[in-house]
Number of protein chains: 2
Amino acid sequence: MGMMQRREHILEELEHAQELDALQIAIEELRDHFGVDHMVYHWVSANGDQYGCGTYSDAWRDRYIEQDYIRTDPVIVGCFQRFHPVDWKRLDWSGKAARAFQREAITHGVGNQGFSIPIRGPNGQFALFTVSHHCDDDTWATFTDANRRDLILIAHEFNQKALEFEPGRAPEQARALSPREVDAMTLIAIGYSRAQVAETLSISEHTLRVYIESARFKLGALNTTHAVAKALSRGLIVI
Amino acid sequence: MGMMQRREHILEELEHAQELDALQIAIEELRDHFGVDHMVYHWVSANGDQYGCGTYSDAWRDRYIEQDYIRTDPVIVGCFQRFHPVDWKRLDWSGKAARAFQREAITHGVGNQGFSIPIRGPNGQFALFTVSHHCDDDTWATFTDANRRDLILIAHEFNQKALEFEPGRAPEQARALSPREVDAMTLIAIGYSRAQVAETLSISEHTLRVYIESARFKLGALNTTHAVAKALSRGLIVI
DNA sequence: TTTTCTCTCCCCCGAAATGGTGAGGGATGG
DNA sequence: CCATCCCTCACCATTTCGGGGGAGAGAAAA
């Protein structure tokens with residue numbers, strides 16, 4: 001089986017997978033296929049849930065979770081601010097904690113080289129697809145140049161499949177807001193006071209309050225700020 | 001020049017482009033290359049700035065902006081809620097306004113078929129890469145199946161290049177929030193009152209207020225609700 | 001070392017937002 | 001045609017928020 005055929009085969013199996021385990025199997029096969037030390041996919045959902053699969057050692061994964069490294073890992077922090085896939089060398093490794101983290105990761109078998117692809121979805125979903133390897137800079141540069149596009153596509157296939165399996169996907173489908181409610185919530189969200197919003201919309205402040213309360217009710221929100229947050233994270237309003 | 005060579009050539013030219021105009025040129029070439037009626041790239045940043053390029057008629061573009069269709073266009077609304085690329089047929093076209101919009105779009109030369117790829121970046125950036133064509137369902141399904149992956153990659157290349165040229169990129173790079181500020185803003189965003197947040201975090205309400213005000217200052221927000229909205233739309237907090 | 005940031009605490013008071021309830025005309029959809 | 005939603009307006013008392021001060025300890029970065 002040729003290189004491309006092998007890859008297509010793995011991705012096709014993934015596409016038709018019915019169970020979450022298939023992701024773990026596929027990522028191990030892809031790791032072997034690309035001939036790198038590690039390949040990891042990992043996401044954080046809107047409600048703080050996490051899911052990950054990959055080839056890091058159990059010890060490292062446990063340690064990572066135990067130490068809540070997700071909050072300080074320079075790869076996570078750096079990718080969260082970027083759109084593009086990024087080579088680990090280009091991240092900010094200054095700082096005591098970052099260097100200590102790096103040392104610890106390498107002792108746990110993580111490669112000295114890495115390439116991570118950030119992926120974003122609605123409601124603040126953020127996922128990271130990472131390949132890591134132990135080699136010199138030139139070898140790594142050659143590898144990433146050659147496989148960049150494939151890795152991007154694979155990252156997306158993975159994310160798509162992972163989202164399919166996500167349990168808490170579309171449970172709470174909020175009722176859509178009326179046009180006036182959208183106007184009101186949008187202006188509130190950009191910092192206007194109720195008086196300013198009412199003036200902007202040319203309605204009385206009393207009327208405005210009806211919209212806000214109506215929106216709050218529809219969104220199941222506890223107060224105005226909560227309603228704005230919910231409306232934003234569901235894409236009902238945009239600022 | 002073969003099909004793939006032609007595409008590679010267009011993308012390579014795009015990659016080395018130094019001016020924003022190159023995007024417009026590239027998208028027209030790609031449209032011709034794929035043999036579709038229209039191809040459009042279009043993004044919205046957190047601060048409301050927009051940029052777009054594509055092959056829609058000037059009349060339609062002007063009309064779209066004039067009517068602020070970006071707020072009601074079912075393609076935008078639908079894609080904002082999704083991660084995956086989506087065929088227009090799968091969007092919600094019920095509702096009077098949506099159907100009227102669709103009719104008007106078609107009279108302006110937009111195809112009856114469409115395929116849109118949502119792309120997201122840090123700080124709430126949201127972009128859409130769309131191909132549209134006039135043909136029957138089967139023809140369109142064949143086309144999208146065959147070109148789905150290529151279109152995803154092209155969408156990313158486009159977005160990458162567009163971000164390079166974006167003028168207002170780094171200016172309003174909000175300072176990151178401190179851990180306690182993130183805690184405070186997150187709890188506020190899920191509807192807690194100041195008193196509840198203070199109790200949850202086991203700090204005095206006075207201290208809590210310092211965090212909120214500090215976050216508000218860092219985010220350049222006018223009030224708490226505004227600060228929550230900004231933090232959310234920049235991905236600094238997640239609910 | 002010095003500076004800069006973070007985290008924690010405290011005061012006061014006026015302005016603003018909230019929650020509950022009610023009501024009438026108009027548009028839309030089944 | 002009738003139910004359902006949308007838009008508009010109004011009053012009440014209570015809770016919450018906003019803005020203005022100031023201060024000390026500790027950690028980390030430059």
Side-chain angles (χ1 to χ4, degrees), chain A residues 71-72 74 77 92-101 174-229 236, chain B residues 71-72 92-101 174-229 236:
Chain A
R71 300 211 175 271
T72 49
V77 174
D92 176 21
W93 293 97
S94 70
K96 206 173 181 176
R99 282 189 300 271
F101 171 83
R175 288 161 65 196
L177 301 179
S178 78
R180 281 313 235 187
E181 286 160 359
V182 171
D183 293 341
M185 298 308 284
T186 302
L187 291 171
I188 294 279
I190 60 173
Y192 284 29
S193 71
R194 294 205 305 208
Q196 288 175 303
V197 175
E199 198 193 351
T200 305
L201 296 179
S202 304
I203 56 176
S204 79
E205 199 177 326
H206 307 287
T207 303
L208 172 70
R209 286 181 47 200
V210 176
Y211 296 148
I212 297 173
E213 282 179 38
S214 161
R216 201 172 57 224
F217 180 73
K218 286 181 181 175
L219 295 167
L222 298 168
N223 54 45
T224 303
T225 301
H226 191 200
V228 167
L236 301 176
Chain B
R71 299 209 175 270
T72 51
D92 176 22
W93 294 98
S94 70
K96 205 172 180 176
R99 282 190 300 271
F101 171 82
R175 289 160 62 198
L177 301 179
S178 78
R180 281 312 238 186
E181 287 160 359
V182 171
D183 293 341
M185 298 308 284
T186 302
L187 291 172
I188 294 280
I190 60 173
Y192 285 28
S193 71
R194 293 203 305 207
Q196 287 175 304
V197 175
E199 199 194 350
T200 305
L201 296 179
S202 305
I203 55 176
S204 79
E205 197 176 329
H206 309 286
T207 304
L208 173 68
R209 286 182 50 199
V210 178
Y211 295 147
I212 297 172
E213 282 179 36
S214 159
R216 204 171 53 223
F217 180 74
K218 286 180 180 176
L219 295 167
L222 299 167
N223 52 43
T224 303
T225 301
H226 191 199
V228 167
L236 301 176

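In what follows, every heavy atom counts, from backbone to side chain, and hydrogens, waters and symmetry copies are set aside. Chain letters run A, B, ... following the sequence lines, proteins first, then strands; residues in each count from 1.
Ranking C/dC7, C/dC11, D/dC7 by closeness to the A/P179 side chain, first place goes to D/dC7.
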Listing time: all N or O pairs from protein to nucleotides 13-18 of chain D that are below 3.5 Å?
residue : atom : partner : partner atom : Å
D/dC17  : OP2  : B/R194  : N            : 3.4
D/dC17  : OP2  : B/R194  : NE           : 3.3
D/dG18  : OP1  : B/T224  : N            : 3.2
D/dG18  : OP1  : B/T224  : OG1          : 3.0
D/dG18  : OP2  : B/T224  : OG1          : 2.6

All N/O pairs under 3.5 Å across the protein-nucleotides 22-28 of chain C interface:
none

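Crowding of B/Q196 atom CD: a count of heavy atoms from other residues, nucleotides or ligands under 6.0 Å exceeding 12.
The salt bridge (Lys or Arg N to Asp or Glu O under 4.0 Å) test applied to A/E205 returns A/R194, not counting sequence neighbours. By the ring pair (Phe, Tyr, Trp, His ring centres under 6.0 Å) test, B/Y192 is found to be paired with no residue, residues two or more places apart in sequence or in another chain being considered. With sequence neighbours left out, A/T224 forms a side-chain hydrogen bond (donor to acceptor under 3.5 Å, both in side chains) with no residue at all. For the salt bridge (Lys or Arg N to Asp or Glu O under 4.0 Å) test, residues two or more places apart in sequence or in another chain that qualify with A/R180 are A/D183.
Residues A/S214 and A/H206 each lie close to DNA chain D; by heavy-atom proximity, the contact nearer the 5' end of the strand is made by A/S214.
Regarding B/Y211, its OH atom lies at a distance of 13 Å from the P atom of C/dC10, rounded to whole Å. The separation between A/L177 atom CG and D/dC5 atom P is 14 Å, rounded to whole Å. Rounded to a whole Å, the CZ atom of B/F217 is 13 Å from the P atom of D/dG19. We find that CZ of A/R180 is positioned 7 Å from P of D/dC7, with the value rounded to whole Å.
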Distance-only donor-acceptor hits, side chain of residues 206-215 of chain A, under 3.5 Å, sequence neighbours excluded:
residue : atom : partner : partner atom : Å
A/T207  : OG1  : A/S204  : OG           : 3.0
A/S214  : OG   : A/E181  : OE2          : 2.4

Practice prompt. Might you work through the side-chain contact (heavy atoms from CB on, under 4.5 Å) test for A/V228 and A/T186, ending with a clear yes or no?
Written response: CA-CA 8 Å; A/V228 167; A/T186 302; over 6 Å; no
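Heavy atoms of A/S178 sit under 4.0 angstrom from primed sugar atoms or phosphate atoms, though from no base atom.
Remark: B/S204 is not in phosphate contact with C/dT8, judged by side-chain N or O atoms under 4.0 Å from OP1 or OP2.
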